[in-house]
Amino acid sequence: MSSLIIFTLLIVLMLTGMPISIALGLTVLTFIYTMTHVPTESVALKLFTGIDNFEIMAIPFFILAGNFLTHGGVARRMINFATSMVGHWYGGLGLAGVMACALFAAVSGSSPATVIAIGSIMMPAMVAQGFPKRFGAGVITTSGALGILIPPSIVMVIYCVATGGSIALDPAGQRVSSASVGQMFIAGVIPGLMLAFLLGMTTFYRAWKNDYPRLPRASWMERWIAFRKCVWGLLLILIVLGGIYAGMFTPTEAAAVSAVYAFVIAVFVYRDMSLKDVPKVLLGSANMSAMILYIITNAVLFSFLMANENIPQQIANWITSIGVDWIVFLLVVNVLLLIAGNVMEASSIVLIMAPILFPVAVKLGIHPVHLGILMVVNMEVGMCHPPVGLNLYVASGIAKMGITELTVAVWPWLLTMLIFLGMVTYIPEISLWLPRALGML
Amino acid sequence: MFLRILDRLEEILIATLMAAATLIIFVAVMHRYLLGISFLYPILFPIDLSWAQELCIYMFVWVAKFGAAYGVRTGIHVGVDVLVNKLKAPWRNIVVMFSLLSGAFFTAVIGSMGAKFVYGLAWTDQVTPDMEIPSWIVYLCIPLGSYLMCFRFLQVAYSYWRTGELPHHDHAFVEGVDVVEPGIGAAEVTR
């Protein structure tokens, strides 16, 4: 009963278009004042302690690092390197776009940032070379989504934060702790490479069928030069993943180090940015970080309320009592997340849904890391289709195309992503094999 | 005039905290690794950086509170606007106004709760675990940030009432990345 009231209130408030963080907070306040006897002081305290956690601070650091990298330089050199490697195959620049997006995704934790960084250079270049505009826009919009699947990924950190405090019991009744940021990052590597490969295949096939232009083959010398020029950017992958895996840094420290590193290469090594641009980058990053941290604060409040009312446990018991197994459950989860992806952006969905889904999934024997990767892939799909696909909006701004036209342009790759989603859902080993092989699970 | 100073202060505060937090953690990590080098050990060992994590967390909580207020002004707080945008003129205005005033209401309530909490805390001698500064100073960001955010919501609501326009954050716009003129000639990519 109380869960029905909570969700109805939340949905009604959200539909008025108010910021999701405010809708979450107002729901909690209303419920606490009218229905329960939780002291309101604990609410004020939660507003502070909700984000009083060093792991969460990886989010602003990764946003800052990403913003330094988006400013030209690194992306352009990665594009040149990718072009020299795969430009002579069918799909030429399109294929290079997929590869460049995958490379950039490995240094950036956000999808729209990847679309901006790669798309603003790649899309005009593709049009100039004789590709139809829709083809370029389709490739970059969907490949940009790799940003949150290939580590580092802001959405993965949010998933770990959102499920961190949950109490979840596996089918045998043992307490299961949530996935760590390190586990999630390593788990994202294989699915990320697979999706990049599948998107590349789709690009290749479409280009081969329509006989789009190819580039002359680059010599190994040219490839070496292109590689050397972008090696400073690629080193960042080593710092983040290598550092976390080798236990040199915690994910948050790795994020801080990569922010400083990104600043140094943007300002002193590549010199794409002068020192007087730095305050603007800082301000923009603080703005974006504060928005996400503010949603997290209120989402923590919301999941505190839900835990207080025992709602996740009730749902878990109800689901097991009607005899749903994990196969059906994950199908329902996918549909639910895809629908949510129609109206909300990724971090809010993960923050609201993950604390609810996590105990249920664990009760059905689903691994926390598997659920996390599945949610991330769902968020990727949501970013690429209207009405609120952030990648679509960013790409439509760059390509000067309408959303409707872009939606049509995107569908071959979107279909590929949906097939991939099916694979990730029902083959847990895609997500679990690498962390297990490295002894992290 | 007063508003302009407030705007600048807000921007300077959050940008500075962002930079400082990053540097502090970077220095703390470097410090940990440089300790392993024997000739640096005597110089670095007396420097105690165990408070770095705590300070970084507090700085980001402050960024979150004041940045959220700044975010209202830049329109970065997104909501579910699919339905609202379908509404006809008078209804749309009412709903938008309702959501803005709800924001102001919520932040005012939180600010007052925070103020009460901080006031109660100020009479105790509770200090933070590592840095041992009085807790109420750290928690001061809840009332200050929330009241500022409330003020920003009212400001946006007032300008919406006057002009019918809302601040809108453009995700496709990145300072320094020129979208119209590619940063590189197409010829350079294609060689």
Side-chain angles (χ1 to χ4, degrees), chain A residues 14-22 25-26 29 40-41 43-44 47-48 51-52 54 57 60-61 64 70-72 76 79 83 112 116 120-121 124-125 128-129 215 249 253 256-257 259-260 273 277 279-280 282-283 285-287 289-291 293-294 297 343-345 387 390 393-394 397-398, chain B residues 11 14-15 17-19 21-23 25-26 29 53 56-57 60-61 63-68 70-71 74 76-84 95-96 98-100 102-103 106 109-110 113-114 116-117 139 141-142 170-179 182-184 186-187 189-191:
Chain A
M14 281 202 305
L15 286 180
T16 66
M18 71 174 65
I20 288 172
S21 43
I22 303 289
L26 273 178
L29 277 193
T40 47
E41 279 70 29
V43 174
L47 280 174
F48 192 93
I51 53 172
D52 181 0
F54 195 55
M57 303 315 161
F61 285 142
L64 182 61
T70 313
H71 286 233
R76 191 168 68 224
I79 288 173
T83 310
I116 295 167
S120 58
I121 302 169
Q129 226 219 341
L215 297 174
F249 316 121
E253 287 170 348
V257 171
V260 173
M273 235 173 91
D277 298 327
K280 272 185 192 156
L282 285 170
L283 191 61
S285 313
N287 194 11
S289 312
M291 186 269 284
L293 289 176
Y294 201 70
T297 321
V343 289
M344 280 195 273
E345 48 82 46
L390 206 46
Y393 282 94
V394 172
I398 298 172
Chain B
E11 287 165 13
I14 59 176
L17 285 177
M18 187 94 194
T22 315
L23 280 178
I25 293 302
F26 181 73
V29 172
Q53 274 201 11
C56 163
I57 290 173
F60 272 133
V61 175
V63 169
K65 301 294 170 204
F66 287 90
Y70 174 69
T74 58
I76 204 172
H77 294 285
V78 285
V80 180
D81 52 5
V82 185
L83 202 72
V84 183
V95 174
V96 169
F98 171 76
S99 74
L100 287 174
S102 302
F106 173 72
V109 170
I110 292 297
M113 272 163 53
K116 205 175 132 207
F117 180 74
Y139 283 96
C141 65
I142 304 178
D170 188 359
H171 284 276
F173 178 75
V174 177
E175 198 75 42
V177 177
D178 203 340
V179 176
I184 172 183
V189 174
T190 54
R191 276 175 286 117

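Just so it is clear, the structure is predicted and the values come from calculations on it, not from any experiment. Numbered from 1 within each chain, the chains take letters A, B, ... in sequence-line order.
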Quick one: closest heavy-atom pair of Leu282(A) and Ala15(B), and the distance?
CD1-O, 3.9 Å
Run the side chain to side chain donor-acceptor pair (under 3.5 Å) test against Glu345(A) and tell me which residues pass, sequence neighbours left out.
Ser347(A), Ser348(A)
How long is the gap from CZ on Phe61(A) to CZ on Phe60(B), to the nearest 0.5 Å?
4.0 Å
Side chain / backbone / both / neither for Ile57(B) at chain A, heavy atoms under 4.5 Å
both
Check ring pair (Phe, Tyr, Trp, His ring centres under 6.0 Å) between Phe106(B) and all other residues, then give those that pass, not counting sequence neighbours.
none
For chain A, the option from Lys116(B), Gln53(B), Lys65(B) that forms the most heavy-atom pairs under 4.5 Å:
Gln53(B)
If you tally heavy-atom pairs under 4.5 Å against chain B, which of Thr297(A), Leu293(A), Ile22(A) wins?
Ile22(A)
Among Pro60(A), Ser21(A), Ser285(A), Ala259(A), who wins on heavy-atom pairs under 4.5 Å with chain B?
Pro60(A)
Which bit of Ile14(B) is near chain A, if near means a heavy-atom gap under 4.5 Å: side chain, backbone, both or neither?
both
Would you compute the distance between atom CD1 of Ile20(A) and atom NE2 of His77(B) and round it to the nearest 0.5 angstrom?
12.0 Å
Which answer fits Ser289(A), side chain, backbone, both or neither, if we ask what part of it has an atom under 4.5 Å from a heavy atom of chain B?
side chain
Less than 4.5 Å apart, side chain to side chain, heavy atoms only: is that true for Ser102(B) and Leu26(A)?
yes
Over all heavy atoms of both residues, which pair between Tyr294(A) and Ala68(B) is shortest? Give the atoms and the distance, please.
CD1-CB, 3.6 Å
I'd like to check Met18(B) versus Leu64(A) (side-chain heavy atoms, cut-off strictly below 4.5 Å). Are they in contact?
yes
Search all heavy atoms of Leu15(A) against all heavy atoms of Val84(B) and return the closest pair with its distance.
O-CG2, 3.4 Å
For residues Phe249(A) and Ile25(B), determine if any side-chain heavy atom of one lies less than 4.5 Å from a side-chain heavy atom of the other.
no
Under 4.5 Å from any heavy atom of chain A - which part of Val63(B)
both
